[in-house]
Student: 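I'd like to ask some things about the structure below.
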Protein chains: 2
Amino acid sequence: MATTRIIDDDRLTAVGLLVEVHRGLTQKFAARLARHGLSENELEIMLRLGRTPNTQLRMSDLAAQTSLTTSGVTRVVDRLERAGLVVRASCDTDRRGTWAVLTDAGLERVTAAVADHMEDVDRWYTGLLTPEQLAALTEALRIVRDTVRPEAVAGVAEAARARPRVDV
Amino acid sequence: MATTRIIDDDRLTAVGLLVEVHRGLTQKFAARLARHGLSENELEIMLRLGRTPNTQLRMSDLAAQTSLTTSGVTRVVDRLERAGLVVRASCDTDRRGTWAVLTDAGLERVTAAVADHMEDVDRWYTGLLTPEQLAALTEALRIVRDTVRPEAVAGVAEAARARPRVDV
DNA sequence: TAACAATGGTTGACGGCGCAAGATATTGAA
DNA sequence: TTCAATATCTTGCGCCGTCAACCATTGTTA
């Protein structure tokens, strides 16, 4: 009766599947993103900025949303700023804070990258499943997400309230 | 009609959910694994060795299964060997190759780590879903996995055929 | 108002992993 | 048989992101 070993537990396999799918997709996506000059983290940060009213978020909110450390966000934004895709702007109401603001060039870049990217998403993920399967998958993931990462929407309300910056 | 922007596409959100769940779980799991002195990659390598007949796999098969590069596997196995959890053994039939063999101490360690780990898996993942939801999730993931990582079972047959090493 | 904790962000040191090149072994074709 | 092409593994180097220490600012308590 070798099948009772704990290292063969089904629940472990369920985790393994999730990990393998994540890795596989990441690899499939990486090449095309690289052609747009973006890493996964860079794309995600720009996406979150692009989806926010006024296309700006505080550094610490980006950290909370992405589960990078604030240090990691500093370095990603450093690179994006060097590339002209993001600028930093000081925060009027709290002079400790810094907004990361998506530039026009940044919005353009992320839009182009995503338009292209979508082909991969379709081919390697959403397109492989029936609408019912995809809906079930998404629902299950959402349940888990809401438990393991409840902080994933930090800062959006504040950013909408902030005065938009026109000098970008 | 701002909702037609491509960066708000639903399929992108589906990917985002997967990524967030993966990250969230990874973080939840990391602390307990660290208490057993193991990183996620180290655990996975030991798990795959432990599940294989004779508890051994070629370096290159480990690379294929884990989507680390062979270089990455070399370094992980270096650490595990230094810790006495794995040993390298030369491969009689192809002298280019190297077996990574789980030691008794290694099997003990991974078993203890997994037993403990399972509590987290249950709490943050499988336990959050009904059996039906979990089954649907697993099925959908398996479909995607089989497409994006068809090579995920490399080397198991060969390892079973190889003469077991008693001098571990 | 002074003192001190808490928060936001950056920086230096460091570790992990990928890339590309190298050493060794195997395979195949002439 | 011999030599080129290929496969396996390791190593030097560099990038990326974490950790911990740090500075600046804000909030709190007395």
Student: Without decimals, in angstroms, what is the distance between B:Arg96 CZ and C:dA25 P?
Tutor: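 For the pair B:Arg96 CZ and C:dA25 P, the rounded distance is 11 Å.
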Student: Nearest to the side chain of A:Arg95, which nucleotide is it out of C:dA25, D:dT10, D:dT25?
Tutor: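 The answer is D:dT25.
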Student: Taking only residues two or more places apart in sequence, or in another chain, which ones meet B:Asp146 in a side chain to side chain donor-acceptor pair (under 3.5 Å)?
Tutor: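 Side chain to side chain donor-acceptor pair (under 3.5 Å) check on B:Asp146 returns nothing, list empty.
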Student: Over how many whole Å does the gap from A:Asp94 atom CG to D:dC23 atom P extend?
Tutor: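 That distance rounds to 20 Å.
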Student: Assuming nearest nucleotide by heavy-atom distance, tell me which of A:Met59 and A:Gln27 is located more 5' along DNA chain C.
Tutor: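 The residue closer to the strand's 5' end, by nearest nucleotide, is A:Met59.
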Student: Atom pairs under 3.5 Å, N or O on each side, protein against nucleotides 2-4 of chain D: can you list them with distances?
Tutor:
none

Student: Measure from CZ on B:Arg82 to C1' on D:dT10 and round the result to the nearest Å.
Tutor: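 Taking CZ of B:Arg82 and C1' of D:dT10, I get 14 Å after rounding.
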Student: Within the supplied structure, the quantity of interest is the number of heavy atoms (other residues, nucleotides, ligands) at a distance under 6.0 Å from B:Arg32 CZ; does it exceed 12?
Tutor: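 For B:Arg32, atom CZ is crowded (more than 12 foreign heavy atoms under 6.0 Å).
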Student: Distances under 3.5 Å between protein N/O atoms and the N/O atoms of nucleotides 14-21 of chain D, please, pair by pair.
Tutor:
{"from": "D:dG17", "atom 1": "OP1", "to": "A:Asn41", "atom 2": "ND2", "distance (Å)": "2.4"}
{"from": "D:dG17", "atom 1": "OP2", "to": "A:Arg79", "atom 2": "NH1", "distance (Å)": "3.4"}
{"from": "D:dG17", "atom 1": "OP2", "to": "A:Arg79", "atom 2": "NH2", "distance (Å)": "2.9"}
{"from": "D:dT18", "atom 1": "OP2", "to": "A:Thr69", "atom 2": "N", "distance (Å)": "3.2"}
{"from": "D:dT18", "atom 1": "OP2", "to": "A:Thr69", "atom 2": "OG1", "distance (Å)": "2.7"}
{"from": "D:dT18", "atom 1": "O4", "to": "A:Arg75", "atom 2": "NE", "distance (Å)": "3.2"}
{"from": "D:dT18", "atom 1": "O4", "to": "A:Arg75", "atom 2": "NH2", "distance (Å)": "3.1"}
{"from": "D:dC19", "atom 1": "N4", "to": "A:Ser71", "atom 2": "OG", "distance (Å)": "2.8"}

Student: Is there a side-chain polar atom (N or O) of A:Arg58 under 4.0 Å from OP1 or OP2 of C:dT7?
Tutor: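 No, because none of the side-chain N or O atoms of A:Arg58 sits under 4.0 Å from OP1 or OP2 of C:dT7.
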Student: What is the distance, to the nearest angstrom, from the CG atom on B:Asp78 to the P atom on C:dG16?
Tutor: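 Those two atoms, CG and P, are 11 Å apart.
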Student: Does A:Ser60 have a side-chain nitrogen or oxygen under 4.0 Å from the phosphate oxygens OP1 or OP2 of C:dT7?
Tutor: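 Checking C:dT7 against A:Ser60, no side-chain N or O comes under 4.0 Å of OP1 or OP2.
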